[in-house]
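Structure first, then comments.
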Amino acid sequence: MKHCNINSLKGLWIIVFSLIIIPLHAQEHTNNRAKWFTDARFGMFIHWGIYSGAEGVWKGEQIRHDNDYAEWIFYRNSIEKEEYLSLLDRINWNEVNPEEWVILAKKAGMKYITLTAKHHDGFALWDSKVSDYDIADQTKDKRDIVAELASACRKHGIKLGLYYSHWVDWAHPYGWNHSREIYPLTDEQYDEYWQQKVIPQMRELLTNYGKIDLIWFDMWIHHSESIITKDQLVQLKSLIRELQPQCLVNSRLGLSIEEDSDVDFRTLGDNQLGEDKLEYPWQSPGTVAHSWGYHRNESQWKSTTSLLKALIGNVSLNGNYMLNIGPRANGDVPYEISQRLLDIGQWLKINGEAIYGSGAFDLPKDQHDWGHMTYRVTDNHTHRLFLHVYNWPLSNRLPVTGINTEPKKVYLLSDKQKAPLPFSHNQVFTEIMLPHLHPDNLASVVVMEFDSKPDITSDLVAENTDGGFSLTPGNTISEEGDFKKTSKQKYGTIPSHLEISGTYKTLWKVFIDKPGKYSLDVSYSYQANESGGAICIKAGKNVIKQTFSPTGLTVGEPNENWHIEKFMSPETGTVKFTEPGIYEISVRIESDNEPIHFQYIWMEKQ
Ligand code: FHN
C-alpha cells in the first residue's frame with residue numbers, strides 16, 4: 001500500500017481550502033497588469049490626425065462610402081500622398097493643445113486616454129526617425145503630439161494608451177491597403193514593412209515617451225485571414241513585453257484572449273456593446289455620432305442617456321467603455337461631444353462608486369425592466385449592489401427579484417446622509433419604496449447594502465415595474481418540442497415569436513409576493529379559420545385549458561401592402577396563489593393543422 005506524503009496532503013488541503021475560502025472576485029481572470037483597467041471602466045478614445053483637416057469632405061465631395069468614417073478619406077477618395085499632406089496647412093498649430101483633451105477626459109470622469117498615434121493613413125503623430133512621414137518633420141515647430149499628450153496625462157493622473165495601426169498602412173509602399181486584394185503584396189514585401197516600419201516605430205513609442213499603459217491595435221479579422229503571420233504578431237507582443245512589461249495589449253492585435261492568454265483585454269466591434277458577462281477584461285470602443293475622426297456633416301448624435309446606459313450596461317457585465325472624441329483640426333472638441341462628456345462626468349462625480357472598481361453581479365443581464373445592476377465589495381468588506389434605475393417607476397416602488405439575503409440597508413447613492421429607504425423583504429423578493437422625485441435625470445442609483453455576498457436565486461422571472469410578470473421564450477427555464485424561433489420582421493410589426501407545429505412544452509418560475517388572483521393573457525397569432533390547437537397552463541394547483549381563436553390579419557404599414565398576421569393577447573384564464581412563495585408555471589401548447597405563433601404570457605394581479 002502506498003503511504004500518503006504528509007506534505008502533498010497539506011498542499012492539497014491548501015488548494016481545497018483556498019478554493020472554498022478565498023472569495024472569487026467579480027472578474028476572476030484579470031491579470032495583475034490589467035487591474036487598473038478593470039477599475040477604470042471609462043476611457044477616452046481620440047481620433048485626430050491629418051484627416052481631421054478634411055472634415056469628411058474632399059474637393060467638395062463627401063467621403064465615398066455609406067459607412068462614411070471621416071478618417072478613411074485618404075483611402076476612400078484615392079487622395080495622393082502629397083495632396084493629403086497639404087491638409088496639415090488647415091491646422092492652426094497655436095490652438096492645438098492636447099492638454100485640453102486630458103482636462104476634458106478628467107472632467108468626464110474618464111481614467112485613461114487612447115490616442116491614434118498612427119492611424120491607417122500611416123502618419124505618425126510623434127517625432128519618428130523611421131521616415132519623415134511624421135508630425136515633427138511636417139510642422140514648423142516640430143510638434144510631437146504623443147509627447148505633449150504623454151506629459152499632460154502624467155500631469156493630470158490619466159493613464160496613457162496609444163493606438164497603432166499595425167495591419168493597415170496606406171502610406172508605406174508595402175503596408176496593407178485593401179487595394180492589395182487587386183494588386184497583391186508578397187509576404188516578403190509585407191515583412192519589409194513590418195521590420196522597417198512597425199517594429200522600429202513601436203520601439204520608439206515604447207522607449208521615448210515614459211510609461212505607456214496600453215497599446216491599442218486595430219485589426220478586425222483573424223490573422224489567418226490576413227497577410228499578417230502569427231509570428232509577426234508574437235514578435236510585436238514580445239517587443240512590448242520586453243520594453244514595457246506592464247503595458248496592456250488588446251485583442252485587435254489579431255490574437256484572441258482564448259488563443260493567447262497573454263493578451264490583456266478583448267476589444268468588441270465598433271460600437272458593439274456587451275451581451276454577456278465575461279471573466280476577463282473587455283472593452284467596447286464607441287462613438288458619440290458615427291465617424292471616429294471629425295466629420296462636419298455628422299448629424300446623428302447619441303443622447304447622453306444612451307451613452308451613459310452603454311457605460312453602465314458594459315460595467316454590469318464586467319466591461320469597459322472607451323468613448324471617442326474626434327477633435328477638429330484646431331483641437332476643438334465638438335460641442336455635442338464635450339457637453340455630453342461633461343454631463344456624464346457630473347453623473348460620475350455623484351455615482352462613480354457604482355462604476356469604478358465595480359463589476360457584474362450574478363443575476364441575469366436583463367432580468368429587471370427598470371435597469372441594470374453593478375456590484376462591489378468595499379475596503380471594509382461591505383457588499384454593495386447598485387441598482388441603476390433608468391426609468392423611475394410611476395408607482396414609486398422598485399421590485400427586486402432573486403436576492404435571498406435581506407439587505408442591511410437601502411439608500412440612494414446621491415444621498416450623502418444615506419437616509420434609509422423603506423423596503424420589505426420576503427424570501428427572494430425585495431420591494432423598495434422610492435421617493436416621489438427621481439434624484440437624477442440620467443439614471444438614479446439605489447444601493448442595497450449587505451454584510452456578505454448576498455445569496456441569490458437566479459432562475460426566476462422578475463416582477464416588472466408594472467407589477468406583472470412577462471413570461472417569454474427568452475426567460476424560460478426549459479423548453480422542448482416542435483418549434484422554430486422567429487426574429488421580428490417588418491420593423492417589429494411582426495414581433496419575434498415561436499412557430500409551433502406540433503407540441504411545445506416550457507417552464508418558468510416566479511416568486512409571488514402578494515398572494516391572490518392573477519390573470520393570464522397569452523399573446524399569439526393563429527391564422528386558421530376557426531378555433532383550434534390547445535394551450536394548457538399549470539400554475540401551482542391551478543390548471544387552465546383553452547383553444548386558440550383565429551386572430552386574422554392587420555395592416556402593418558399603411559399604404560405599403562403589408563397585410564401581416566395579427567398578434568393578440570386576450571385573457572386566457574385566472575389562477576389563484578394562496579401563499580407567498582416560488583411557483584412553477586408550466587405550459588403545453590399543441591397545434592393542429594395550422595401552426596400556433598406564440599409570443600408571451602402576461603401574468604398580473606387582479
Ligand atoms: O477602421 C478603423 C476605424 O477607422 C476606427 O479607428 C475604428 C475604431 O475602433 N477601428 C477601425 C474599424 O474597426
Side-chain angles (χ1 to χ4, degrees), residues 37 42-58 62-77 79 84 87 101 110 112-125 145-146 161-172 175-181 198 214-223 225-228 248-256 263 265-274 281-295 298 302 307 310-311 314 319-327 337:
F37 182 77
F42 192 32
M44 175 185 274
F45 208 175
I46 304 176
H47 277 67
W48 186 84
I50 300 184
Y51 47 82
S52 312
E55 308 197 333
V57 178
W58 179 247
Q62 181 135 326
I63 181 167
R64 287 177 201 153
H65 196 289
D66 288 344
N67 183 21
D68 45 2
Y69 278 175
E71 69 281 5
W72 275 63
I73 199 150
F74 181 29
Y75 175 75
R76 293 287 185 210
N77 291 39
I79 305 174
Y84 184 63
L87 285 168
W101 302 334
M110 292 158 152
Y112 57 101
I113 290 181
T114 303
L115 168 76
T116 48
K118 184 194 93 166
H119 199 259
H120 306 332
D121 62 4
F123 188 75
L125 292 187
I145 298 297
V146 172
L162 297 176
Y163 170 114
Y164 187 89
S165 176
H166 59 323
W167 171 41
V168 175
D169 190 306
W170 300 323
H172 191 280
W176 184 256
N177 141 351
H178 293 275
S179 297
R180 302 291 183 196
E181 290 171 18
V198 177
L214 70 87
I215 295 285
W216 210 93
F217 293 110
D218 202 357
M219 179 159 72
W220 52 97
I221 55 175
H222 189 257
H223 61 79
E225 297 169 63
S226 85
I227 191 163
I228 290 190
L248 306 188
V249 177
N250 70 333
S251 59
R252 285 207 203 169
L253 170 68
L255 294 173
S256 64
V263 167
F265 67 94
R266 176 170 166 198
T267 306
L268 302 195
D270 292 354
N271 284 306
Q272 183 190 4
L273 300 176
W282 62 273
Q283 181 195 60
S284 303
T287 48
V288 179
H290 177 70
S291 259
W292 299 85
Y294 181 75
H295 194 314
E298 204 76 83
K302 291 165 199 160
L307 297 170
L311 170 65
N314 273 12
N320 284 27
Y321 191 44
M322 184 164 71
L323 191 53
N324 181 67
I325 62 166
I337 296 180

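Whatever order the structure lists them in is the order used to number ligands and atoms, beginning at 1. Here the structure is a predicted model, which means the values were calculated and not measured.
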Part of Y51 within contact of ligand 1 (heavy atoms, under 4.0 Å): neither
Region of M322 engaging ligand 1 - heavy atom pairs below 4.0 Å: neither
Could you list the atoms of ligand 1 found under 4.0 angstrom from a heavy atom of [X]?
| X | result |
| --- | --- |
| W72 | 1 (O), 2 (C), 3 (C), 4 (O) |
| H119 | 3 (C), 4 (O), 5 (C), 6 (O) |
| H120 | 1 (O), 2 (C) |
| E71 | 3 (C), 4 (O), 5 (C) |

Using 30° and 60° as the class boundaries, would you call the ring planes of Y69 and H290 parallel, tilted or perpendicular? tilted
Charged N-O contact under 4.0 Å between D270 and R252: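 Yes, D270 and R252 are salt-bridged.
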Looking at K118 and D169, is any side-chain nitrogen of the basic one under 4.0 Å from a carboxylate oxygen of the acidic one?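 Here D169 pairs with K118 in a salt bridge, since their nearest N and O are under 4.0 Å apart.
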Do the side chain of T267 and the main chain of Q283 share a donor and acceptor less than 3.5 angstrom apart?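 Flag not set: sc T267 to bb Q283 has no pair under 3.5 Å.
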Does W292 reach ligand 1 with a nitrogen or oxygen that is under 3.5 Å from one of the ligand's nitrogen or oxygen atoms?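 For ligand 1, there is no N or O atom that lies under 3.5 Å from one belonging to W292.
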To atom 10 (N) of ligand 1, the nearest of D218, T114, N271, N67 on a heavy-atom basis is D218
Taking the six-membered ring for Trp, is the centroid-to-centroid distance between H295 and W58 below 6.0 Å?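 Ring centres of W58 and H295 not closer than 6.0 Å.
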Side-chain donor-acceptor pair present, D218, H166, cut-off under 3.5 Å: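 Side chains of D218 and H166: no pair found under 3.5 Å.
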Among all the protein's non-hydrogen atoms, which is closest to atom 6 (O) of ligand 1, and how far away is it? H47 NE2, 2.7 Å
Closest approach of any protein heavy atom to atom 9 (O) of ligand 1, naming residue and atom: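 Result: D270 OD1, 2.7 Å.
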Tell me every residue that passes salt bridge (Lys or Arg N to Asp or Glu O under 4.0 Å) with R266, counting only those two or more places apart in sequence or in another chain. none
